[in-house]
Amino acid sequence: MIVPMKKVSLIIMGDKKSETLKKLRKLGILHIEITEGSGEKINELNEQKALLESAIFNIGKKKNTEEKSVDYYEALAIAREIASLAEEKKVCQAEKNALNAELDRLKNWGELDPCSITDLAQKGVHVSLYEMPKAEYEGLGENVKTLILDRTKASVKFLMIESGMEGEVEVLQSINSYRLELPQISSTEMKQKIAELSSRIKTIDEKTVSYADYIESMKNAIKICEKEIEFEVYATGMADESVSADDKRDVSIAYFKGYIEEENLDRLKQKAKNNSWGLLVEEPCEEDNVPTKLKNNKFVSLIYPLTDFLGTVPGYFEYDISGWFLAFILIFFGIIFGDGGYGLLICFVAAIPIIKSLVSKKSVSPMFLLVGLFGLSTVLWGTLTCTWFGLSPEQLPQWLKCLSVPVISNVYADKIWYPFWTQGEVGLTTAQNLQIFCFSLALIQLTVAHIKGAMRNKKSLKVLGDIGSILQLLGIYYLVLSLVVNAQVFSFGLVIAGIPVGTVAIALIGVGFCLNFVFANYEGNIIKSILTSLTNIVSVLLGVVNVFSDIVSYIRLWAVGLAGAAISATVNELAGPLLGNFMFMLLAIILLVFGHGLNMILNILSVIVHGIRLNTLEFSSHLDMSWSGHKFKPFEEQID
């Protein structure tokens, strides 16, 4: 359930901000609604936090070392040392890259020493190095003296000796673009410098990694920083007012708003009374940015690791669908993975950390329990459909076949199932039975959404709009079975026990649409509700189409599961012939591990894309949920 909240406004003396915040932080029950703060202290703390985070990043992956504990200021000093080393490494790396680039530029000239050329110039011999196309070189004429160093079909490298001959200056100017710019130091010195820089970079890396023992201390320092930033934000973000006292002095007061769990309100009242704070308590309204806190039993709470990962939080005035989310995602996961063998592997992976926690008498992480449930769900679906590691039914033992449910089992994939009303004339395949199962899931889940809406609106005529939506669902469900699954088995002329099923389905859609049209926007006046529907007639009509598409979209469960089964079967077909040959057995094992591993990864992505979508989009849209909430975060002391 969503924990009931109260909106509170707290008024304090302007000079008591820090003192009050310290007391509230120690109390640890109030969510303060202040999002902006300013001041040098906040900037300084943000810089310290960034410094600590950068230090942890520079250290990289932590090795198995003995943890060393230091206080906040020591951790900050270590972070500064790491930052200094990182800056030095950056300078060394830039210089090394520049030298490597210079060597790469000169690599075709062999070992160059600019000092020798300078020495010649001092003795009156001026030489320059050039590389130019062969055709242009041959057109230089006799006005210049050159010494060819290297010649190819396309170009010529040469040394030019300035002799002062007539026309030489003009030639030098015309070929200046081909002149080699001499390096500052010789190639040998550059290589030596690169070696020294590489050695220094290695030393810096070793020194940086040696601080891995202090990573946890730096992480704790980051938490302290965050708490101090939060404190300063609240302290500087409070609204200030000046009011006149009885003695005509202006008195500064500060105030802020927040939210508190209803059950903790008395504690805050007592604290306010003891400290002479002004306290105003109100009921939150829909315009308020009320935080959300969910409270469920241990089993339903297993869904929290998944919703935390997705970052989905229901708004305070929306529904807590944690239980329904968990129930349906377990079903969706099992269908999408679809293979009992994969389920056993998932259970095995989850069992390892669970057993370790139980042996060490530590609490088991809800995440591993959730993964274990996903595995069990997959094993159950694989058992019902007789799907194990993509093997054909002929390759499986008889007892596994007996555990499956015939109408959806791969054992009877080629069999036609004849519903009683068809009298053996037309029937359904196993694939069509699976499609019906998926559409039935859609009907159940979407009906649950509208039942929840009806329960909320039970004291208003608006409940008739929800009932109309349920009737539409029932009628459109049969329409989907007829148009998508089998038009002969689910024909509109079908009569069962004297009941014209097709006609009833059409009637349900019509009656449901009318009820929804009249009462969906009811707010105390039927005429206004009808006018609102008429104003949005296009959206109302599209709503019927959306119901159809929402039901049909659940076929993705069957389609994705079928694709996964096809991939696993293909992997087995590729590896099967290799297993019979001892020489290729290792290759076959690698192929099986890689193929099935890749298939499981694709299935995980499919669960995220398709399974979660059905909960957060199709189901939620019928609940009118936008997941617009944010978590309740009380202002509290640092927790180690």
Of all residues at least two apart in sequence or in a different chain, which pass the ring pair (Phe, Tyr, Trp, His ring centres under 6.0 Å) check with [X]?
{"X": "Trp381", "answer": "Phe437"}
{"X": "Phe368", "answer": "none"}
{"X": "Phe333", "answer": "Phe337, Phe374"}
{"X": "Phe619", "answer": "none"}

Roughly how far, to the nearest 0.5 Å, is the [atom2] atom of [Y] from the [atom1] atom of [X]?
{"X": "His450", "Y": "Ser469", "atom1": "NE2", "atom2": "OG", "value": "4.5 Å"}
{"X": "Met13", "Y": "Asn275", "atom1": "CE", "atom2": "CG", "value": "13.5 Å"}
{"X": "Asn603", "Y": "Ile567", "atom1": "CG", "atom2": "CD1", "value": "7.5 Å"}

Verdict with supporting geometry, Ser620 and Trp627, side chain to side chain donor-acceptor pair (under 3.5 Å): CA-CA 8 Å; Ser620 298; Trp627 298 97; 3.0 Å; yes

Heavy atoms from other residues, nucleotides or ligands near NZ of Lys401 exceed 12 (cutoff 6.0 Å):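 Buried by this count: over 12 neighbours within 6.0 Å.
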
Of all residues at least two apart in sequence or in a different chain, which pass the salt bridge (charged side-chain N to carboxylate O under 4.0 Å, His left out) check with [X]?
{"X": "Glu74", "value": "none"}
{"X": "Lys17", "value": "Asp240"}
{"X": "Lys23", "value": "Glu19"}
{"X": "Asp205", "value": "Lys89"}

Could you note down all residue pairs passing salt bridge (charged side-chain N to carboxylate O under 4.0 Å, His left out) where [range] supplies at least one of them, sequence neighbours left out?
{"range": "residues 604-623", "answer": "Arg613-Glu618"}
{"range": "residues 442-452", "answer": "none"}
{"range": "residues 309-333", "answer": "none"}

Glu228/Arg25 salt bridge by N-O under 4.0 Å criterion: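 Yes, this pair counts.
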
Lys223 bridged to Glu226 by N-O distance under 4.0 Å: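 A salt bridge is absent here (no side-chain N lies under 4.0 Å from a carboxylate O).
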
Proximity of Phe256 and Tyr234 rings by center, below 6.0 Å: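 Between Tyr234 and Phe256, which both carry aromatic rings, the centre distance is not below 6.0 Å.
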
Pairwise ring pair (Phe, Tyr, Trp, His ring centres under 6.0 Å) hits with a residue in residues 273-318, at least two apart: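 Listed once each, the pairs would be none.
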
Test: Arg556 cationic atom under 6.0 Å from Phe332 six-membered ring centre, within 45° of axis: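 That pair does not qualify as a cation-pi contact.
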
